[in-house]
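Have a look at the structure below, then the notes.
Just so it is clear, the model here is predicted, and its values are computed rather than measured.
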Amino acid sequence: MASGGVASARSVVVIEDEVPIASAVAARLRSEGYRVEVAHDGPAGVEVCDRLEPDLVVLDLMLPGLDGLEVCRRIQHDRPVPVLMLTARDSETDMLVGLEVGADDYMTKPFSARELVARVHALLRRVDRLAGAPAPSVVRIGDVEIDPSTRRVRRDGEAVHLTPTEFDLLVHLASRPGVVTTRERLLAEVWGYPDGSGARTVDSHVRALRRKLGADIVRTVHGVGYAVEPEREVAQP
């Protein structure tokens, strides 16, 4: 049954070279009420995204012409767009690089169509929620300054590029200094995944934050979750 109230007027581009997978994903998303276009190679995927400016992209990692990493870089260059990356390999390196270039989440083949649709719904709900939320004040954690209103981060005065999901995760943790948040709760509150599936997604994003901002930016509480240190100052708006 189509869920038009959720997907009304939303557009999704599926970039996948395996025709049966692309067709199945597109059919399932269309049944949920999304407008879907499909591309079967990297250059065509970039062209479709430039032309349509979709609300979300489902992107395979291994593509002819341009691989998924390069496609992700290009489509994120001028306009942030949620990207759900698909990979046939359960390689942590592939996942980390995909997240580094701007993917919001990833799924390893074979995957459940129901799970893919749930993640698409959740990513789009997160975009809507952030668009309607008032921006909090500037937050400082040591030498890291986070400005939610401009979505910019600096360390020692130098700008640091974060992907949209890395930024949202950092703001979420920084707004609760010293509070340990479980992976399941982060998945629910940052990604919008109510069932807690995808814990490795959280771990990969935390590792990306540490690479970009320093190993001390997020503390691991083994067996529980993550926190930022409580030493922070909140700038007056």
Side-chain angles (χ1 to χ4, degrees), residues 72-73 76-77 79-85 92-93 95-106 119 122-123 125-194 196-237:
C72 194
R73 289 189 188 96
Q76 295 279 15
H77 185 263
R79 172 183 170 269
V81 58
V83 174
L84 176 59
M85 188 165 279
E92 185 174 15
T93 299
M95 296 170 188
L96 285 171
V97 175
L99 298 174
E100 181 84 20
V101 299
D104 294 89
D105 198 4
Y106 57 82
R119 295 198 185 194
L123 287 172
R125 282 196 302 268
R126 181 165 65 93
V127 170
D128 293 340
R129 185 173 68 249
L130 292 171
S137 302
V138 171
V139 176
R140 292 189 177 89
I141 309 166
D143 58 3
V144 175
E145 179 183 280
I146 309 161
D147 187 346
S149 63
T150 61
R151 296 184 68 83
R152 291 180 178 173
V153 175
R154 295 181 180 274
R155 181 154 204 174
D156 285 330
E158 296 292 325
V160 179
H161 173 72
L162 299 184
T163 68
T165 302
E166 289 166 4
F167 185 89
D168 296 337
L169 176 60
L170 179 62
V171 168
H172 189 87
L173 290 170
S175 67
R176 299 159 175 80
V179 175
V180 180
T181 306
T182 65
R183 292 172 177 84
E184 292 75 17
R185 186 168 179 180
L186 288 169
L187 283 165
E189 296 182 356
V190 177
W191 279 264
Y193 298 164
S197 63
R200 291 180 64 189
T201 298
V202 179
D203 298 338
S204 298
H205 278 84
V206 168
R207 281 192 284 272
L209 286 176
R210 287 171 173 159
R211 284 200 312 276
K212 294 179 180 183
L213 296 172
D216 59 335
I217 190 67
V218 180
R219 176 169 60 95
T220 300
V221 180
H222 292 289
V224 184
Y226 296 107
V228 299
E229 296 303 317
E231 298 83 9
R232 69 166 192 150
E233 298 172 7
V234 180
Q236 296 300 317

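Scanning all heavy atoms of the two residues, the minimum distance from I217 to L209 falls at CG2-O, 4.0 Å. Of all heavy-atom pairs spanning G192 and R125, the tightest one is O-NH2, 3.6 Å. Nearest heavy-atom pair, A174 versus V228, reported as atom, atom and distance to 0.1 Å: CA-CG2, 3.7 Å. Here the closest non-hydrogen pair linking R154 and A159 is NH1-N, 3.7 Å.
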Verdict with reasoning, L170 to V139, per side-chain contact (heavy atoms from CB on, under 4.5 Å): CA-CA 10 Å; L170 179 62; V139 176; over 6 Å; no

Test side-chain contact (heavy atoms from CB on, under 4.5 Å) applied to T163 and D104, step by step: CA-CA 8 Å; T163 68; D104 294 89; over 6 Å; no

Verdict with reasoning, H205 to Y226, per side-chain contact (heavy atoms from CB on, under 4.5 Å): CA-CA 11 Å; H205 278 84; Y226 296 107; over 6 Å; no

Worked verdict on W191 versus D168 for side-chain contact (heavy atoms from CB on, under 4.5 Å): CA-CA 9 Å; W191 279 264; D168 296 337; over 6 Å; no

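Partners of V180 under the side-chain contact (heavy atoms from CB on, under 4.5 Å) rule, at least two apart in sequence or in another chain, are R219, V221, V224, A227. With sequence neighbours left out, the side-chain hydrogen bond (donor to acceptor under 3.5 Å, both in side chains) criterion links T220 to R210.
We find the NZ-NE2 distance between K212 and H161 to be 5.5 Å, quoted to the nearest 0.5 Å. Here L186 contributes atom CG and T181 contributes atom OG1; the two are 5.0 Å apart, rounded to the nearest 0.5 Å. The CZ atom of R140 sits 9.0 Å away from the CG atom of D147 when rounded to the nearest 0.5 Å.
Between V171 and I146 there is a side-chain heavy-atom pair separated by less than 4.5 Å. Between R126 and T165 there is a side-chain heavy-atom pair separated by less than 4.5 Å.
Put simply, the side chain of R183 never gets that close to the backbone of D203: no donor and acceptor are under 3.5 Å apart. With hydrogens and angles disregarded, a donor-acceptor distance shorter than 3.5 Å links the side chain of R119 to the backbone of Y106.
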